[in-house]
Amino acid sequence: MIYDLLLAGPPVPPKSLAEALAEAVRTEGVDVDVADRDGDQSQRDWTAPVLCGYIRLRGDLSLELDIYVEDALVNEAPAEPELARRLAMALGVPVLYPAEEVRPSAYWLATSSGESVRARLYASDDEPPVHTIDAVESPVAQLPHIRVSDLPEIVREEHGKG
């Protein structure tokens, strides 16, 4: 199973990320390999059943995560929204995951309290891009500077009116 998640807030150390992933996937005693995708790949444990590559981001987001969970664990692996919720709770930072079949800027944001709220995310044309969480539908304690607003374009598209 493959997951694509984004972390908001301060960067998380690789060791903390590995521990949180093991807890979130609920694979006690299973190896988790976490590494910077732009770093030395020769030191990776490619046989680990849970692999996570990350890229450091700029702006409101700190890390982009590409997570692979071995097929043998898929029966136990949570769906993407649940994994995002578990990671947010374990790490204490908001975790974003894409909304299905909606605008590219539409995301769900899992909070450290276990709730999920809608979020609008933009990336600049800079290289590397600056990521901005433009708005959330409900206040998020870890992101007090983010504007709280209705996201009508998401509601319209979800109901087939967009």
Report the residues that fulfil side-chain hydrogen bond (donor to acceptor under 3.5 Å, both in side chains) with Asp125, sequence neighbours left out, ordered by chain and then residue number.
-> none
[X] and [Y]: which non-hydrogen atoms are nearest, and at how many Å?
| X | Y | value |
| --- | --- | --- |
| Ser113 | Met89 | C-CG, 4.4 Å |
| Leu109 | Pro94 | CD2-CB, 3.8 Å |
| Leu83 | Ala24 | CD1-CB, 3.5 Å |
| Ser124 | Pro129 | O-CB, 3.4 Å |
| Gln142 | Gly92 | CG-O, 3.9 Å |
| Val25 | Pro78 | CA-CD, 4.3 Å |

Side-chain donor-acceptor contacts of residues 51-61 below 3.5 Å, not counting sequence neighbours, with atom names and distances?
residue : atom : partner : partner atom : Å
Arg58   : NE   : Pro128  : O            : 3.4
Arg58   : NH2  : Pro128  : O            : 2.8
Asp60   : OD1  : His145  : NE2          : 3.2
Asp60   : OD2  : Ile133  : N            : 2.7

For residues 42-53, pull every pair meeting side chain to side chain donor-acceptor pair (under 3.5 Å), keeping only residues two or more places apart or in separate chains.
-> Asp33-Arg44, Asp40-Ser42, Gln41-Arg44, Asp45-Thr47
Would you mind reporting whether Pro81 and Trp108 have side-chain heavy atoms less than 4.5 Å apart?
-> no
[X]-[Y] co-clustered via ILVMFWY side chain contacts under 4.5 Å:
| X | Y | result |
| --- | --- | --- |
| Val148 | Val140 | yes |
| Met1 | Leu65 | yes |
| Leu87 | Tyr68 | no |

Would you say [X]'s side chain and [Y]'s backbone share a donor-acceptor pair under 3.5 angstrom?
| X | Y | result |
| --- | --- | --- |
| Glu64 | Leu5 | no |
| Thr132 | Asp134 | no |
| Ser112 | Ala88 | no |

Atom pair [atom1] ([X]) and [atom2] ([Y]), whose distance is rounded to the nearest 0.5 Å:
| X | Y | atom1 | atom2 | result |
| --- | --- | --- | --- | --- |
| Arg85 | Ser116 | CZ | OG | 8.0 Å |
| Tyr3 | Glu82 | OH | CD | 9.5 Å |
| Ile146 | Arg120 | CD1 | CZ | 12.0 Å |
| Leu7 | Leu96 | CG | CG | 8.5 Å |
| Tyr107 | Leu121 | OH | CG | 5.5 Å |

